[in-house]
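Presented below is the structure to which this report refers.
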Amino acid sequence: MQWGSVAEFLAMGGYGLYVWPSFGVAALCMGGEVIAVWRRHAAASESHDES
Amino acid sequence: MFQTVALSGSRGERRLFSDVNVTVKPGTLLAVVGENGSGKTSFLRMLCGLLSPDGGEILWQGNNIRKLKELYSAQLTYVGHLNGIKDELTPVENLKVSACLAGDESSGGVVQKALEAVGLGRAVHRLPTRVLSQGQKRRVTLARLWLSTRPLWLLDEPFASLDAAATSYLTQQIQSHLSRGGMVVVATHQEIDLPPDCIQHLRLTQ
Amino acid sequence: MSTTGINWFKYSSPQAIYPLAGRMIPWFAAVAVGVIAIGLYIGFFVAPTDATQGDAYRIIFVHVPAAWMSMFLYVIMAIWAGIGLGLNARPSFMMAQAIAPTGAMFTFLALFTGSMWGKPTWGAWWVWDARLTSELILLFQYIGIILLRSSIDDLRRADRASAVLALVGVINVPIIYFSVKWWNTLHQGASVTITAAPTMAGSMVTAMLIMMVGFWMYSFAVTLARMRCVIVERERQPSWGKPASIPDVVEAR
Amino acid sequence: MSQPSLSEALRGVVRRDLLLAMRHRSDVAMSVFFVVIVASLFPLGVGPEPAVLRTIASGVLWVTALLACLLSLGRLFTADYLDGVLEQTLLIPQPLAVLVVGKVFSHWVISGLPVVLLSPLLGLQFGLSGESLGVLTLSLLLGTPTLSMIGAIGAALTLGLRGSGLLVALLVLPLFIPVLIFGAGAVSSSLAGIGSEANLSLLGACFLLSLAFAPWATAVALRIALE
């Protein structure tokens, strides 16, 4: 393990500003997609039951 | 001989008809009747091969029309809802082009004779079709039947917006086609004035 | 129901796929979460800092798998579209429909992370490099397919039109890639290239491949879930798939 | 029973479209005028520096040609679709893909050829000279039919849809990119003195490839649109 402290880990050798947004946006996109599909399924099956 | 076997079709997600079995023998006419929206047009387009059926088969001389493809297209003349003529061209030009594309004779004399047969005088032959009335445009379209040498005619509402004279011209032309051993499928609201022994009806209901 | 399909399509009908997909999704999802967690662990804690690029290279663990997925998913989508057109099979159109948004998402992700990586290493957010440009055009193609589908109301036409577009696009992708590449070399001599491969440590490659597997599993889970949405949405339409409430055809003389 | 020969059918399709274009001469004039105006806007926006104009000339003129093609795509099938001529075209007992080639050819004669013929003049506006002008014309001559063929796919796919004009642009522009790159590349490499053969032959390859695939895809798309 090459990280001495949490701060060092977050700094990413000075590239934290680039590394973390990349992973953050990736997580956001993928998580968002999961939620969107979930909602779509819920909405679809709900109106399906009504009809 | 032309027949459908267990034909079913739908428009969008709506089932229009299913399990239709009809046979059209040479010299006979099939009248497809039914209310608006009952699927008459879809049925005819399906017989043309423009629309693919949900199930069942359409057979021409015992062969599926999907397999025949262009060989089958060469057997039929289709007159649809839309006139299929260009507003900017004159009746003569329109008819010449469509006869040429159908592989029929398209010389000036033959075309003029066909137009006169549907009651369009020489006065309108050289006008752009745009200025003609709805009924006159329909006559230009139907004039193709006077040039057609194909055995199967598929006519969608051919009598719509025709006057009494034109209706009787068309009926005569259909009759002479049948007497030559031709086959006709007509979607119509009207009674057709033909001997009853050569007509069968197909009623589509919703 | 389509009777033109081969017999086994009866068993791959939407009604059969729906519960099957439902059973598979949790497994794929669980594996995806686990594998991605392992990949991230190796990527951040085992893999060493790169000698030339410093820690910025760690973006590779999300960037490269996303870029690969964007291309794989396009090809898979096009294959489903082709099967759909060829066999007139409804489920394969649905599959293609379910894949497109995920593919577009990964394409966007590849572009975004690429530009995040490009800034510290090349000094620019965007370079008109062959890879970047063709990835951008891939995104346009995904968006085009999704837009075309959504602007056609008739489902049957929507399915088949977007399938044609997907297939045309799949021919275009390699052409674009090479055209942009030649365009670059013809104009500017040597262009920017990614020369990470030879210097990469084993653990770096491992982490990247594990992330890749994780993204595959994620894609399976998400597209199957979307497939279920599509099935339910289409089932809402009356007369869907069922043996039709038959209107009578009366034959008379 | 009657059947037109393939060349008869092809000639019939082309003759009708050209005849229609003769009745609508203003449409052709408009697309030519569009190209001239758009190409003339660039020097006004960028500034009259001859060196700058020479460098951007190939890109500007090619993008202009591309837009002109795009604008006229709507005319390719829409009118035929609305008046039922397209329906009848589908029933002509010859391969639809070949008939599509006929339609695309007449579309090119109406919208692409005028741009090709005009291009030396536009090139002069941008300070191109001699060999580069020839390369520009040649690249457009090879490239604009390709654009028409690719565009036909998009036009067929979006036939009869609401907002189809915008949609066809979104679908077709990404597919135009290789042609744009090779076409503009041919001109700029001739300007740079590298020789334009490589780009021109790639442009030719694009032409052949689209001739092989695009009419077929368009035919499939038309059948789908008319169902």
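What's counted below: heavy atoms across the whole structure, side chains too, no hydrogens, waters or symmetry copies. Just so it is clear: chains get the letters A, B, ... in the order the sequence lines come, proteins before strands, and each one is counted from 1.
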Distance check, rounded to the nearest 0.5 Å: A:His41 atom NE2 versus C:Arg226 atom CZ?
12.5 Å

Under a 4.5 Å heavy-atom cut-off, does chain A meet the side chain of C:Ala47, its backbone, both or neither?
backbone

Would you mind checking which part of C:Leu109 comes under 4.5 Å of any heavy atom in chain A, side chain (CB onward), backbone (N, CA, C, O), both or neither?
side chain

Answer with yes or no whether the side chains of C:Gln53 and A:Tyr15 bring together a donor and an acceptor at under 3.5 Å.
no

Measure C:Thr102 against the heavy atoms of chain A and call it side chain, backbone, both or neither at under 4.5 Å.
both

According to the interplanar angle, ranging from 0 to 90°, do the rings of A:Phe9 and C:Phe44 count as parallel (below 30°), tilted (30 to 60°) or perpendicular (above 60°)?
perpendicular

Please report the interatomic distance CZ(A:Arg39) to SG(C:Cys229), rounded to the nearest 0.5 Å.
13.0 Å

Check this for me: C:Trp126, atom CH2, are more than 12 non-hydrogen atoms of other residues, nucleotides or ligands nearer than 6.0 Å?
yes

When rounded to the nearest 0.5 angstrom, what is the spacing between CG in A:Leu17 and CE in C:Met116?
7.5 Å

Ignoring hydrogens and angles, tell me if any N or O in the side chain of A:Tyr18 forms a donor-acceptor pair with the backbone of C:Pro120 under 3.5 Å.
no

With side chains defined as the heavy atoms from C-beta onward, is the minimum distance between C:Val222 and A:Val34 less than 4.5 Å?
yes

Could you check whether atom CH2 of C:Trp80 has more than 12 heavy atoms from other residues, nucleotides or ligands sitting under 6.0 Å from it?
no

Sort A:Trp38 into side chain, backbone, both or neither according to what part of it lies under 4.5 angstrom from a heavy atom of chain C.
neither

Can you give me the closest heavy-atom contact between C:Asp55 and A:Val19, atom names plus distance?
O-CG2, 3.7 Å

Rounded to the nearest 0.5 angstrom, the OG-CZ distance for A:Ser22 and C:Arg58 is 13.0 Å

I'd like to know whether C:Thr49 forms a side chain to side chain contact (heavy atoms under 4.5 Å, CB included) with A:Met12, so could you lay out the CA-CA distance, the side-chain angles of the two residues, the decisive distance to 0.1 Å, and finally the verdict.
CA-CA 9 Å; C:Thr49 303; A:Met12 273 290 144; over 6 Å; no

As an exercise, state the distance from CZ of C:Phe108 to SG of A:Cys29, rounded to the nearest 0.5 Å.
5.0 Å

Can you tell me how far apart CZ (A:Phe23) and CG (C:Leu40) are? Round to the nearest 0.5 Å.
6.0 Å

